Visitor: 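My questions all concern the structure below.
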Amino acid sequence: TRSPVAKLLLFGATGDLAQRMLLPSLYGLHADGLLPDALTITGTARSEHSDASYRKFAKAALDEFLPEDRKDEEKTKTFLARVQYQSLDATDQAHYKQLSEKVGDVSGGLAIFLSTAPSLFEPVIKGLASAGLAGDTVRIGLEKPLGYDLASSREINDTVATAFTEDRTFRIDHYLGKETVQNILALRFGNSFFEPVWNARGIDNVQITISETVGLEDRAGYYETAGALRDMVANHMLQLLALIAMEPPARFDGNAIRDEKSKVFRSLRPIAPADASRDTVTGQYGAGAVGGQIVKSYTDELGKPSTTETFVAIKAHVDNWRWQGVPFYLRTGKRMAVRRSEIAIQFKPVPHSMFSNRGGLLQPNVLVIRLQPEEYIQILVMAKEPGLDRDGVRLRELPLNLSLDAAFAGRPRRIAYERLLLDLIEGDQTLFVRRDEVEAQWSWIDAIREGWTANDMKPKTYASGSWGPSAAIALTERDGVTWQDD
Ligand code: BG6
């Protein structure tokens, strides 16, 4: 049951995320009449702004980041009329009283969106609680990074829990807000023919790739302390893995789905330190060319030496009945050949081939779920080439293609934050990450890091614009598996 709040409080209201994602998303929801009529939005951050100057700031962000066809002067005006601002020094407890006065009565419900440096969790939660901004009618959305290992994430979760119960805590993983990610559930549980082969008997291996072409961007401070493993694997990649690997939930319901994901995380086989250099590969981008642009190496961008990994590939296993023996290959990196998020599920080969196939070997079927930049689902199948076949049938691998872009052309494509902010405002936790999930993710990640430290593993340099260090190719080739790179 959805229970919309009457107010929204945005921390970090002048930050990058607010400008690029949050304000445009809220505007999008407003423009389509999806926000509760009376919803007011209070922005807060350290910078000084009056309501009027913050509205100007917000307007500039909309001008810059909204797609042209979404812009509408009248709707921008009515949207900005919902917005007000209060500056806040998050470490000064005296400031929270002013904030709470600005927000006003929260008996009709308040949703808080918090994306903050880990060091600020404690004072912010304390300040909110003491100013009456954490009661039963208040829920809180939390952006990553929620810690950098299990211990620090527990600390943050404990701090949050002093003021917010779990059913009022909404941990964001923006990948869960993506349409095609939710489509994994539709595909698996809305169709009958995948599930009988969706196991170690039917599936040979699963490959999950999130390759990016961007580099460090303006995030040196954060990225240097995170690295690819914490930045992408500990959350987005493991969420994708869980949606692929989980057992069918009984209901489309937040806890039913999260129970099943959580079981997957707890079934991940820990990678022992002795296996770290065999089952994981780390890399750091060197100079190179991406999409025709010459780009600098990571350390040149950073301006100092670094051993932070910008690429990681891992061979993972889910140790349960369904997945015994099926490798899950994960790979993510910055400054790679193309921008692509994709899951490729490779099925077992046919047990016996009756074809001599002059075209080459029979290829195993592959289900490709492309999340971005395009959105499609393909099944690669063997088909007969036209011809008289006088010296044998010639088969070729071709895609059965479900283009979600084309099937739903003309429908608004919502960015992930629109969905997630609306769910936060309305109180639906299905697409948010529960505490037990986060903690199980971190324990698996921590063990990998320990292995890197124990073996003194340093990232291997790869050329910008490539598919990562060659060791990542060896990681699968060793098992006779080739990355699905088309
Ligand atoms: C963020 C990471 O969570 O996800 C970034 O911190 C990364 O480093 C981004 O670039 C990728 O998101 P998307 O939606 O562009 O695939």
Side-chain angles (χ1 to χ4, degrees), residues 12 15-22 24-25 28 65 67 113-118 141-148 153 170-184 208-243 282-285 290-291 295 298 301-302 306 308-312 330-343 369-376 404-405 413-421 431-433 437-438 441-442 445 459 464 468:
D16 194 57
L17 187 69
Q19 294 178 65
R20 282 172 192 278
M21 294 288 171
L22 306 180
S25 297
F65 294 111
F113 183 100
L114 189 61
S115 74
T116 175
L142 304 172
E143 251 302 335
K144 69 183 261 251
L146 292 179
Y148 53 89
S153 115
F170 291 63
R171 292 180 197 79
I172 292 167
D173 184 313
H174 81 279
Y175 262 64
L176 295 177
K178 292 182 190 276
E179 286 287 358
T180 317
V181 174
Q182 296 157 44
N183 237 316
I184 298 171
I208 304 178
T209 297
I210 304 182
S211 63
E212 299 186 277
T213 51
V214 294
L216 192 49
E217 301 181 285
D218 295 321
R219 307 161 78 215
Y222 157 73
Y223 198 85
E224 246 308 271
T225 60
L229 183 68
R230 293 190 179 104
D231 186 46
M232 298 297 283
V233 185
N235 36 63
H236 312 322
M237 307 245 352
L238 287 184
Q239 286 291 332
L240 296 180
L241 181 151
L243 293 173
T282 63
Q284 188 187 74
Y285 61 82
V290 179
V295 296
Y298 179 78
E301 266 186 70
L302 192 65
S306 160
T308 298
E309 82 286 358
T310 63
F311 173 97
V312 57
L330 314 178
R331 159 179 80 155
T332 184
K334 303 264 183 211
R335 289 278 193 241
M336 291 180 62
V338 292
R339 171 169 180 258
R340 174 178 301 169
S341 300
E342 180 175 286
I343 302 168
I369 305 170
R370 172 73 56 93
L371 311 174
Q372 58 192 28
E374 310 87 356
E375 297 183 10
Y376 63 71
L404 298 161
D405 291 322
R413 308 309 276 172
R414 298 195 180 279
I415 53 175
Y417 279 97
E418 283 183 82
R419 171 68 196 247
L420 296 177
L421 282 166
L431 299 179
F432 295 85
V433 186
E437 293 182 73
V438 180
Q441 292 174 337
W442 278 123
I445 294 289
S464 282

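The chain is numbered in sequence order, starting from 1. Both ligands and their constituent atoms are indexed starting at 1 by order of listing. Please read these numbers as outputs of a predicted model, since none were measured by experiment.
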Visitor: In terms of atom number and element, which parts of ligand 1 are under 4.0 angstrom from non-hydrogen atoms of K178?
Guide: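 In order of numbering, the contacting atoms are 13 (P), 14 (O), 16 (O).
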Visitor: Tell me, please, which residues at least two apart from E301 pass salt bridge (charged side-chain N to carboxylate O under 4.0 Å, His left out).
Guide: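 Scan of E301 (salt bridge (charged side-chain N to carboxylate O under 4.0 Å, His left out), adjacent residues dropped) gives R335.
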Visitor: Return the orientation label for the H174 and H236 ring planes: parallel under 30°, perpendicular over 60°, tilted otherwise.
Guide: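 Perpendicular.
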Visitor: List ligand 1 atoms under 4.0 Å from H236, heavy atoms only on the residue side.
Guide: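 Those qualifying, in numeric order: 1 (C), 3 (O), 4 (O).
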Visitor: Are any of the heavy atoms in Y175 under 4.0 Å away from ligand 1?
Guide: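 It does; at least one heavy atom falls under 4.0 Å.
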Visitor: For Q182, what residues pass the side chain to side chain donor-acceptor pair (under 3.5 Å) criterion, not counting sequence neighbours?
Guide: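 Only R419 meet the side chain to side chain donor-acceptor pair (under 3.5 Å) criterion with Q182.
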Visitor: Within ligand 1, which atoms have a heavy atom of R219 less than 4.0 Å away?
Guide: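 Under 4.0 Å from R219, ligand 1 has these atoms: 2 (C), 5 (C), 6 (O), 8 (O).
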Visitor: Within ligand 1, which atoms have a heavy atom of D231 less than 4.0 Å away?
Guide: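 Heavy-atom distances to D231 below 4.0 Å select 2 (C), 5 (C), 6 (O), 8 (O).
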Visitor: Quick check on side chain to side chain donor-acceptor pair (under 3.5 Å): which of K178, E179, E342 does Q372 satisfy it with?
Guide: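 By the side chain to side chain donor-acceptor pair (under 3.5 Å) criterion, Q372 pairs with just one of K178, E179, E342: K178.
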Visitor: Does the side chain of E309 pick up a donor-acceptor pair with the side chain of Y298 at under 3.5 Å?
Guide: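 Side-chain D/A pair, E309 to Y298: absent.
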Visitor: State the atoms of ligand 1, each with its element, that fall below the 4.0 Å cut-off from a heavy-atom position in K334.
Guide: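 Per the distance check, 5 (C), 7 (C), 8 (O), 10 (O).
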Visitor: If you measure from atom 11 (C) of ligand 1 to every heavy atom of E212, E217, K144, which option wins on shortest distance?
Guide: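 The nearest heavy atom belongs to E212.
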Visitor: Is the shortest side-chain heavy-atom distance between L146 and N235 below 4.5 Å?
Guide: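 With C-beta onward as the side chain, the pair stays apart.
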Visitor: Of the protein's non-hydrogen atoms, which lies at the shortest distance from atom 12 (O) of ligand 1, and what is that distance?
Guide: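 Answer for atom 12 (O) of ligand 1: H174 NE2, 3.1 Å.
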